[in-house]
Each structure stands twice: as C-alpha cells, then as structure tokens.
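Everything below concerns the one structure shown next.
A, B, ... follow the sequence lines: proteins, then strands. Residue 1 opens every chain. Note that the coordinates shown come from a computational prediction; the quantities given were computed from them, not determined experimentally.
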Amino acid sequence: MLPPLVLLVACAMSVAVSFAEFAPRLIAWQRQHGRHGLPWQVDDPYKVWVSEIMLQQTQVSTVLGYYPAFLQRFPDVATLAAAPLDDVLAAWSGLGYYSRARNLHRAAGQVMNEFAGRFPDSQDALMTLCGVGRSTAAAIAAFAFARRAAILDGNVKRVLTRCYGIEGWPGDKAIENQLWTLAEQLLPDSVAHMAAYTQGLMDLGSLLCVRGQPRCGECPMADGCVARAQGRQRALPTARPRKAQPLRSTVMLLARNAAGEVWLQRRPDSGVWGGLWSLPELADIGEAPHWLAAAGWTAAPLTPPWPTVQHVFTHFRLDITPQPVQVRATAGAGPADGRWWTQEAALALGLPAPVRRLLDTRQDSLW
DNA sequence: AACACGGGGCG
DNA sequence: CGCCCAGTGTT
C-alpha cells in the first residue's frame with residue numbers, strides 16, 4: 001500500500017492522454033492486439049451494415065455463429081429487400097431482438113427505393129435507414145467509407161469516461177453531449193486509419209476496458225488514464241441513478257394482552273416475508289377500532305404510536321408506524337391466522353427484521 | 001437479482 | 001424533444 005502522500009502526488013501529476021495522442025496510440029494498439037479477420041471487416045457496406053445491426057446488444061462471439069449463414073442466404077441488399085420478411089426472421093432466429101431483423105428488412109427496401117440500391121456513404125444519410133442511429137451510422141461510415149465519423153456505444157462510453165475521468169451518468173443528455181463532443185475531438189486527423197481507429201475503440205472497450213475487471217496492465221492508455229490514476233475504474237462510468245424506490249407505509253399493531261403476550265399472525269406464503277410470523281398490519285391507524293372489534297377484543301384507548309421506523313427492501317422502502325394497544329382478550333377470540341405469544345417465544349420465531357426489532361426487549365420502555 | 005444496452009416509441 | 005421502454009446477456 002502506497003503512503004497517502006505518494007498517492008496524492010500521483011494524482012496531481014497524472015495527466016490524461018492528450019487528444020492528439022489518443023488516436024495514434026489506439027491505432028497502434030489495434031494493429032497489434034485488436035481483432036482482425038472478422039468476416040465483416042471487408043470493403044462492402046452491405047456486409048458492414050448487417051454486422052453492425054447484429055452487433056447491437058450482441059457480442060462478437062455470438063454474431064460469428066449467425067453471420068456467415070445470413071450472408072449466404074442474403075448475399076446482397078437486393079436479395080435481402082426482395083426476400084419475404086419471414087425468411088429474414090428465420091435467418092435471424094436465435095439472435096433475439098427481432099425488431100432489428102424487421103428494421104433490417106425495411107432498411108434494405110429503403111436502400112433499393114430511396115438510394116437506387118447503393119448504400120449512402122455519409123453518416124447523416126445512413127441515419128435515415130431504419131434501425132440505424134447515430135453511432136451505428138458512424139460505424140458504417142467509418143468502416144465502409146473511411147468517413148471521419150465518431151461512434152459512441154457502450155464500450156466507447158466506458159473507455160472515454162474512464163480515460164478522461166468524466167463523471168455523471170452517460171444517459172444524461174448533458175453527459176452524453178459531452179461524450180459525443182469528446183469522441184469527435186479524439187478522431188484521427190487523417191481519414192486513412194478510420195477503420196483501425198473505430199475497430200480499436202470497440203476492441204479496447206470489449207477486450208480490455210471491460211466493466212468488471214479492466215485489464216489496465218495491457219491498456220495502451222494506462223499511463224494516461226484518469227480513472228486508473230485515481231483507482232476509480234469501478235466507479236466509472238457513473239451508474240444510472242437509482243430511481244427513488246417507491247415508498248409504502250403500513251401500521252403494525254402491537255397488541256398485548258393482560259399476560260403481556262403479543263399477538264402475531266402468519267403471513268401469506270407468497271409475497272414479502274412469505275410464511276413468516278408478523279404483526280397485524282393496517283393501512284391506516286383509523287382502521288384500528290374496527291379491526292379490534294372484528295377481532296372480538298376489548299381494547300384500552302389507543303396511546304400515541306411509536307416513532308415510525310423505515311425498512312429498506314431492494315425495490316421499495318416501507319415506513320412502519322407501530323401502534324401499541326392493550327387488549328383484554330377473551331379465550332378463542334382474535335383472527336384465525338394468529339395467536340398470542342410470550343415475548344421470549346416470539347423472538348425464537350422466524351420474524352421479519354423490523355418486527356424482531358420492535359419486539360426486542362430494549363423497546364420495553366416505550367410501553 | 002440487478003444492471004447494461006442503441007434505437008424506437010411515446011407523451 | 002426528452003424520457004422511457006423491450007428484450008436479452010452479463011455480473
């Protein structure tokens with residue numbers, strides 16, 4: 001472990017890879033360590049386009065299992081456009097996200113009808129095709145037409161946010177705009193290496209700069225990576241903000257009889273705390289008199305509730321208002337699914353964590 | 001079980 | 001125009 005001062009100095013001195021340096025480093029790395037010989041790394045916009053659509057949300061290794069047969073069945077855009085949609089869907093079978101296949105078929109028709117069977121060669125024109133957004137259009141433009149267009153997919157976002165220490169969720173418009181601007185600033189000056197550069201970005205993001213365990217030791221940007229200098233690889237890109245969990249609230253009835261026992265009832269087998277013994281729950285304190293009457297109990301006037309406690313689940317928060325009530329129970333009375341328990345016996349049961357806390361002896365002073 | 005993901009759809 | 005979704009794989 002380095003002493004704090006050394007870390008501080010290291011942070012202060014670390015400088016991100018300069019914009020001018022980024023592309024040359026990436027291109028050199030791609031030449032030596034990137035992917036080569038993929039079946040879509042050819043000079044044919046149709047083949048590039050099909051691969052880019054398949055590669056949306058699908059890994060290279062998976063696409064490799066489907067691409068050759070698809071290309072054999074639909075060797076060019078005219079064949080694809082003329083084929084029945086069902087044939088296209090059949091060839092797509094197993095790749096998932098079938099809207100991509102429908103869009104592919106529609107876009108083939110667009111190329112035939114609106115572009116006379118020749119793929120448009122600009123990012124903007126490519127974006128008019130169904131299923132082709134800004135990033136996919138840039139990839140096709142770069143690979144097939146050596147256009148100076150910036151891609152920005154999930155892999156690239158990871159590389160850029162880490163290398164340049166960009167904080168904030170990339171789904172935010174402001175952050176995404178910032179990333180697009182950066183992606184364009186990093187493009188190589190010359191159009192000559194656009195394919196290697198674009199492939200390099202994809203490869204770096206999917207081979208080294210991965211989400212879980214980035215292999216920084218092999219990364220060409222390592223010495224100029226802000227995230228690495230600060231040990232924040234895992235913190236970038238910033239995760240989507242957890243949408244505020246829905247807040248539910250409930251009243252838990254702490255009913256005690258003359259013997260000091262507490263009333264518990266078994267919860268339904270399904271749902272939260274399935275099958276556990278727990279306290280009776282009411283949606284509102286105002287229901288308490290009716291609930292007690294239905295139970296066949298004579299109760300003392302309600303005292304003020306205990307302070308609300310909050311319990312956090314993975315998908316929601318639950319505010320629990322504990323309402324104590326002293327009852328004079330008659331034998332056999334009470335809801336059918338419950339019974340009286342001594343405190344000791346109750347605490348030996350499987351209880352929801354907040355219920356256990358409420359029954360704990362430390363709460364005795366509240367009674 | 002939660003998170004991630006490019007483009008489309010919807011309000 | 002901005003927010004959220006569908007559908008699937010990964011962690």
Side-chain angles (χ1 to χ4, degrees), chain A residues 40 48-67 85 88-89 92-111 120 123-143 149-162 166-180 183-184 198-199 201-215 227 233-246 270-274 312-317:
Chain A
W40 48 85
V48 171
W49 166 63
V50 170
S51 76
E52 287 303 323
I53 301 302
M54 285 190 176
L55 288 165
Q56 287 171 0
Q57 287 140 321
T58 306
Q59 295 196 339
V60 167
S61 56
T62 302
V63 170
L64 283 173
Y66 294 85
Y67 184 84
L85 174 60
V88 180
L89 292 171
W92 199 268
S93 178
L95 275 170
Y97 300 100
Y98 290 90
S99 65
R100 293 184 299 173
R102 294 178 217 283
N103 283 333
L104 202 71
H105 188 241
R106 288 178 58 194
Q110 287 181 284
V111 171
Q123 181 181 13
D124 283 350
L126 285 161
M127 280 179 68
T128 67
L129 300 178
C130 291
V132 178
R134 182 171 174 182
S135 188
T136 300
I140 300 168
F143 286 133
I151 62 167
L152 187 66
D153 63 12
N155 287 326
V156 180
K157 287 174 181 171
R158 209 163 42 246
V159 170
L160 298 190
T161 54
R162 285 175 173 167
I166 293 171
E167 306 281 344
W169 180 49
D172 275 348
K173 197 173 86 75
I175 304 298
E176 183 163 28
N177 288 342
Q178 187 184 348
L179 289 169
W180 274 113
E184 284 165 354
T198 304
Q199 188 69 50
L201 265 184
M202 295 175 169
D203 292 349
L204 192 63
S206 59
L207 298 177
L208 299 186
C209 197
V210 295
R211 182 155 76 104
Q213 308 260 8
R215 302 162 65 176
Q233 295 98 319
R234 298 297 302 275
L236 293 172
T238 304
R240 167 199 292 268
R242 300 272 247 167
K243 54 181 166 190
Q245 296 134 323
S270 64
V272 172
W273 300 326
V312 180
F313 293 87
T314 50
H315 50 304
F316 66 95
R317 293 177 302 143

Is there any salt bridge (Lys or Arg N to Asp or Glu O under 4.0 Å) pair reaching into residues 201-215 of chain A, and which pairs are they, with sequence neighbours excluded?
-> A:R35-A:D203, A:R215-A:E218

DNA chain C: 5'-proximal contact among A:Q59 and A:G171 (nearest heavy atom) = A:G171

Mind running side chain to side chain contact (heavy atoms under 4.5 Å, CB included) on A:Y67 and A:T62 for me, showing each step along the way?
-> CA-CA 9 Å; A:Y67 184 84; A:T62 302; over 6 Å; no

Taken to the nearest whole Å, CZ/A:R240 to C1'/B:dC5 is 9 Å

By salt bridge (Lys or Arg N to Asp or Glu O under 4.0 Å), A:R158 pairs with (sequence neighbours left out) none

Pick the nucleotide of DNA chain C nearest each of A:K173 and A:L95; which residue has the one closer to the 5' end?
-> A:K173

Atom CG of A:L207 and atom P of C:dT10 are separated, to the nearest Å, by 15 Å

A:Q110 meets the side-chain contact (heavy atoms from CB on, under 4.5 Å) criterion, sequence neighbours left out, with A:A107, A:E114, A:L129, A:C130

Is there a side-chain polar atom (N or O) of A:R158 under 4.0 Å from OP1 or OP2 of B:dC5?
-> yes

Across all chains, not counting sequence neighbours, the side-chain contact (heavy atoms from CB on, under 4.5 Å) partners of A:A149 are A:Q123, A:A138, A:A141

Mind checking side-chain hydrogen bond (donor to acceptor under 3.5 Å, both in side chains) for A:E176 and listing every partner two or more places apart, or none if nothing turns up?
-> none

Could you run down nucleotides 6-11 of chain B 5' to 3' and tag each one B, S or - for protein heavy-atom contact under 4.0 Å?
-> BSS---

